[in-house]
2 protein chains.
Amino acid sequence: MKSCIVSEFRSYIDLTDQECELVQSLERDPREFRKDEIITAEGDPAKTIFTISSGWVASCRHLANGNRQILDVYLPGQIVGMRKIGFEQSMNSIVAIGPVVACPYPKRNLIKTFDDSPRLTEVVMLMLAQQQSLLVERIMSLGQRSADCSLAHFVLELRARLKTSDLNLKTPLTQELIADTLGVTSVHISRTLTDLTQKSLLEWSAGTFKILNLDALVELAGFDPSYLEPDVNWIRDP
Amino acid sequence: MKSCIVSEFRSYIDLTDQECELVQSLERDPREFRKDEIITAEGDPAKTIFTISSGWVASCRHLANGNRQILDVYLPGQIVGMRKIGFEQSMNSIVAIGPVVACPYPKRNLIKTFDDSPRLTEVVMLMLAQQQSLLVERIMSLGQRSADCSLAHFVLELRARLKTSDLNLKTPLTQELIADTLGVTSVHISRTLTDLTQKSLLEWSAGTFKILNLDALVELAGFDPSYLEPDVNWIRDP
DNA sequence: CGTGGGGTTGATTCTTATCAATTCGGGTGG
DNA sequence: CCACCCGAATTGATAAGAATCAACCCCACG
């Protein structure tokens, strides 16, 4: 399989051969996970980071009452668990949405990379900053947007992250996953979806969204993709 | 004035004299801001980062409909605007809560520090990871906690961040600020506060919280401060 | 054929928003 | 020193949005 993580890094900067090698070393040990398998659990020691080769993954946290909040959805090529750099214990679990191939590697390896390449360190920092802006957008949805706006925004964000111009998005998500992401119940997602369908904005069936009216959806969501477009100019030359 | 930012960095690692100098250079140009003054606005070019010398500051984002969400509250010593490292445009504004002294400096200076000291780079990365975990906790409040839990959690988080064992917290906040942070209305904050007071958990007057029953508050909030305690062991030696 | 996970629908309740009126309290100017 | 004013907080009445509970449908899969 072509290295997902290399092409992820390449989407930020050009890699020298040596850098390429360094990055590749993060994707050496592919492991398969079944749908709904817990890749790491809350409270586990924060020693292992994962790179996703294929499939989607969610990081989530549970409250004492059992409520689950999905913090972020990760797509192939992404590094999962970078927050763990700063902590001894993993504070959220990572779950496979559908079948997944992911490569675990010790946190130490990533830190080692910092020693070897200040340039890659800067890319990692950029990734952290970008993840923050995803979290910020989630906060906006949870705190200020109504369910229909949030849902529209969520779909548009996914589409932008998938870098596709297709109006049909195939996902391994369920309505319950979406609900736990947007902080509402799955029942409410169902109703909201039929609402949006009646308004000829969006359809959902069997795991795929079909965008019926892109402009109206963007308008409803107030979607501005600039938070997904990083600035790489400050990163030093090789 | 003693350098706030140096002591902030010192709370993570010991600084060599040289590092100390580097860090100090980030706090050279103190400027005063009035209460409610906008320090930077959404859409401004993301060139300037701030270090807070005194006072509190909030970063917030507005929606098209005028709704405001406060993303984070920053205390003296903290670096504000690190997310901007990754973007050309500032995607949220920074507002002075009460009178503030803050030191602006070009983003480039921070990046320059990365060249000069891999060790400080690692501290900055740790700060980013820690900010993420604050955002995550906010997401949990917005998405899954009821207003009273969120409020209790918010107060306990503040107390932990202020590193005080006092049960009285003096803040420059208003109920409206708190409301915009927790994603509810100020009216609802008012009601929730009187609720908590009736239950002898918490009092509020003239900008200070008085914790009446710490244990019960921790229990209600499900508060676990470990997300505020970074792991610094991986940072390289000087 | 059952079985079960995912989705839909309806009835009802609960939390929070909204709008509006009122109070409180600390400054300011006469 | 008092009257006034303003921002902040409180209170009440009502409405909207979302949760909850429960029943039911659909359909892929053993």
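- To the nearest angstrom, P of dA17(C) lies 14 Å from CG of N65(B).
- When all heavy atoms are compared, the tightest approach of L156(B) to V218(B) is CD1-CA, 3.6 Å.
- Taking each heavy atom of Q69(B) and D180(B) in turn, the nearest pair found is NE2-O, 3.1 Å.
- Distance CZ (R68(B)) to P (dA17(C)): 15 Å, rounded to an integer number of Å.
- In the displayed structure, E32(A) atom CD is contacted under 6.0 Å by at most 12 heavy atoms of other residues, nucleotides or ligands.
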Protein-to-nucleotide contact annotation, 5' to 3' order, nucleotides 10-27 of chain D [B base; S sugar-phosphate only; - none; under 4.0 Å, heavy atom]: SBBB----SSB-------
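- Rounded to whole angstrom, the span from the CG atom of D180(B) across to the C1' atom of dA17(C) amounts to 14 Å.
- Taking atom CG of residue L151(B) and atom C1' of nucleotide dT16(C), one finds them 14 Å apart after rounding to whole Å.
- We find that CD of Q198(A) is positioned 13 Å from C1' of dT9(C), with the value rounded to whole Å.
- The nearest whole Å value for the distance from the CD1 atom in I97(A) to the C1' atom in dG5(C) is 16 Å.
- Nucleotide dT9(C) holds its C1' atom 13 Å from the CG atom of D195(A), rounded to whole Å.
- Between H153(B) and Y227(B), the ring planes are parallel. Angles under 30° get that label, and only those over 60° would be called perpendicular.
- A side-chain N or O of R161(B) and one of Q78(B) form a donor-acceptor pair less than 3.5 Å apart.
- Remark: the backbone N or O of L71(B) is paired with a side-chain donor or acceptor of R138(B) at under 3.5 angstrom.
- Between the C1' atom of dA9(D) and the CD1 atom of I178(B) lies a distance of 12 Å, rounded to the nearest Å.
- Rounded to 10°, the angle separating the first-five-pair axis and the last-five-pair axis of the helix from dC1(C)-dG30(D) to dG30(C)-dC1(D) equals 30°.
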